[in-house]
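One structure is given below, encoded as structure tokens.
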Number of protein chains: 2
Amino acid sequence: MTKRTTEDWYGCPIRYGATIFGDNWCLLILRDLMFKGAKHYADFLNAGEGISTNILASRLTTLEAEGIVEKTQDPEHGKRYIYVLTDKGLGLLPAMLEIINWAEMWDEQTEVPTEFVEELRKGRSSLVKKITSQLKSSRF
Amino acid sequence: MTKRTTEDWYGCPIRYGATIFGDNWCLLILRDLMFKGAKHYADFLNAGEGISTNILASRLTTLEAEGIVEKTQDPEHGKRYIYVLTDKGLGLLPAMLEIINWAEMWDEQTEVPTEFVEELRKGRSSLVKKITSQLKSSRF
DNA sequence: ACGAGTACTTGTTATTTGCAAGTTTTTTGG
DNA sequence: CCAAAAAACTTGCAAATAACAAGTACTCGT
């Protein structure tokens, strides 16, 4: 997460994308949101990646500020919030899937369920639609 | 660029992908390699992003170590090196294109040539092939 | 032979991260 | 109804990383 002066900030899509994608923790938070059903602060904290609580808080703040996640109160529980992907956040799904595909191809250690890989390679767009609608429905 | 202990390193594709994608500067270096015809150290240094020379050197080292770029001597110039994407590096092109597409959709400031966007949306795979073959031929 | 070009390295300061502990509400269990 | 656990943070501090500035070591063109 590099700070940037207003000067030469605008115009480049990759530079813009790097605001989110160019950060290790943002990527892992997005993964948890997209593929692991994470909703609460504690879900991200205990995702097994060892993120510090102050870093998590700051990342959630920037993701919210960028309009990628939305924070709402949990109706079932007063002092609990639910984090969900906005439409803009869901728009990052194709990029995430491409990273998964790449890692699966080039990293020996990577383990992706074969049915997932097959579905991904058979047709990206239908998988995107499927996951998107699942996530949208869960945000009721 | 977070250091990681061997413990829980393996398995997750996003965690692996974050090694590269989860870093602002790596992303911008990849952009320059893929879309700006950057080849030499100075090309990255003067790309207008204000990367420090020590950071650039360290990133090129990791990208090389990860097998994403290859460093060879420039035949036309003794003390000059050429950096080119390996096949593994080229494999990241689809993910980069998805980021471009996303930024173009959600960031007002982003400016991508309309013909590029059209080509991208008409058919990803043919654009991937086109750029890939261009980059491969230039590495002779 | 000299200055400009190329790819760095080294040092020093500023910023960010990681770790540990503490705070504030809210729910749950007896 | 009261105490303890849960949930989502905040704060403080040491350690790691990044940014800035300068210097080095070859090389090429003139």
Side-chain angles (χ1 to χ4, degrees), chain A residues 1-9 15 18-29 32-33 36-65 69-84, chain B residues 1-9 15 18-29 32-33 36-65 69-84:
Chain A
M1 307 268 293
T2 316
K3 265 249 172 89
R4 204 160 283 287
T5 49
T6 43
E7 281 302 320
D8 51 12
W9 170 226
R15 205 193 293 121
T19 319
I20 306 306
F21 265 70
D23 181 76
N24 185 48
W25 296 120
C26 285
L27 241 56
L28 294 172
I29 290 168
D32 294 341
L33 283 165
K36 308 225 169 185
K39 282 183 166 48
H40 305 113
Y41 193 90
D43 295 337
F44 307 109
L45 202 60
N46 306 321
E49 305 289 349
I51 188 172
S52 301
T53 174
N54 54 346
I55 302 299
L56 174 57
S58 79
R59 291 303 187 275
L60 288 173
T61 303
T62 53
L63 286 171
E64 204 189 345
V69 302
E70 214 171 26
K71 179 186 176 182
T72 50
Q73 277 210 311
D74 190 332
E76 298 171 1
H77 195 296
K79 181 70 186 288
R80 198 161 70 169
Y81 299 98
I82 293 181
Y83 294 92
V84 286
Chain B
M1 305 266 294
T2 317
K3 264 246 172 91
R4 205 160 279 289
T5 50
T6 43
E7 282 304 320
D8 51 9
W9 168 228
R15 207 193 292 122
T19 320
I20 305 307
F21 264 70
D23 180 76
N24 186 48
W25 295 121
C26 284
L27 240 56
L28 294 172
I29 291 168
D32 294 341
L33 283 164
K36 309 225 168 185
K39 283 182 167 47
H40 305 115
Y41 193 89
D43 296 337
F44 306 110
L45 202 60
N46 305 321
E49 304 289 350
I51 188 170
S52 302
T53 173
N54 54 347
I55 301 299
L56 175 57
S58 80
R59 291 302 187 277
L60 288 173
T61 304
T62 54
L63 286 171
E64 204 190 346
V69 303
E70 213 170 28
K71 180 187 178 182
T72 51
Q73 277 209 311
D74 191 333
E76 297 170 3
H77 196 296
K79 182 72 185 287
R80 198 162 70 168
Y81 299 98
I82 291 180
Y83 293 93
V84 286

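Residue numbers start from 1 in every chain, and the chains themselves are labelled A, B, ... in the order their sequence lines are given, proteins ahead of strands. When reading the values below, keep in mind they use all heavy atoms of this one structure, side chains included, and skip hydrogens, waters and symmetry mates.
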Heavy atoms only: give me the nearest [X]-[Y] pair and the separation to one decimal.
| X | Y | result |
| --- | --- | --- |
| A:C26 | A:D23 | N-OD2, 2.9 Å |
| A:I51 | A:F44 | CG2-O, 3.8 Å |
| A:L45 | A:T53 | CD1-CA, 3.8 Å |
| A:W25 | A:E49 | CH2-O, 3.6 Å |

For [N] and [X] - does any side-chain N or O of the residue sit under 4.0 Å from the phosphate oxygens OP1/OP2?
| X | N | answer |
| --- | --- | --- |
| B:R80 | D:dC28 | no |
| B:K71 | C:dC8 | yes |
| B:Y83 | C:dC8 | yes |
| A:W25 | C:dT16 | no |

Atom [atom1] of [X] and atom [atom2] of [N]: how far apart are they, to the nearest Å?
| X | N | atom1 | atom2 | answer |
| --- | --- | --- | --- | --- |
| B:D43 | C:dC8 | CG | P | 13 Å |
| B:K79 | D:dG29 | NZ | P | 16 Å |
| B:E76 | C:dG5 | CD | P | 18 Å |
| B:N24 | D:dT17 | CG | C1' | 14 Å |
| A:Y81 | D:dA6 | OH | C1' | 14 Å |
| B:L56 | D:dA18 | CG | P | 13 Å |
| B:D74 | D:dC26 | CG | P | 19 Å |
| A:Q73 | D:dA8 | CD | C1' | 12 Å |

Kindly point out which of [options] is positioned nearest to the side chain of [X]?
| X | options | value |
| --- | --- | --- |
| B:Y41 | C:dT17, C:dT9, D:dA8 | C:dT9 |
| B:A57 | D:dA18, C:dC8, D:dC26 | C:dC8 |
| A:I55 | C:dC19, C:dT17, C:dA7 | C:dT17 |

When you match B:N54 and B:L45 each to their closest nucleotide on DNA chain C, which lands nearer the 5' end?
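It is B:L45, whose closest nucleotide lies nearer the 5' terminus.
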Contact nearer the 5' end of DNA chain D, comparing B:T53 with A:H40
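The answer here is A:H40.
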Spatial distance of atom CG (B:L56) from atom OG1 (B:T61) [nearest 0.5 Å]
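Taking CG in B:L56 and OG1 in B:T61, the distance rounds to 9.0 Å.
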Which part of the nucleic acid does A:F44 contact within heavy-atom distance under 4.0 Å: base, sugar-phosphate only, or nothing?
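Answer is nothing: A:F44 stays at 4.0 Å or more from every strand.
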Run the side chain to side chain contact (heavy atoms under 4.5 Å, CB included) test on A:D32 and A:D43 for me, step by step, so that the C-alpha distance in whole Å, both residues' side-chain angles and the decisive distance to 0.1 Å come before the verdict.
CA-CA 8 Å; A:D32 294 341; A:D43 295 337; over 6 Å; no
Angle between the two end axes of the helix from C:dA1-D:dT30 to C:dG30-D:dC1, five base pairs per end, rounded to 10 degrees?
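Nearest ten degrees gives 20° for this helix.
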Does the pair B:I82 and B:H40 meet the rule for a side chain to side chain contact (heavy atoms under 4.5 Å, CB included), with working shown?
CA-CA 5 Å; B:I82 291 180; B:H40 305 115; 3.8 Å; yes
Heavy-atom donor-acceptor pair, B:Y41 side chain to B:Y83 backbone, under 3.5 Å:
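Not confirmed, B:Y41 side chain does not pair with B:Y83 backbone.
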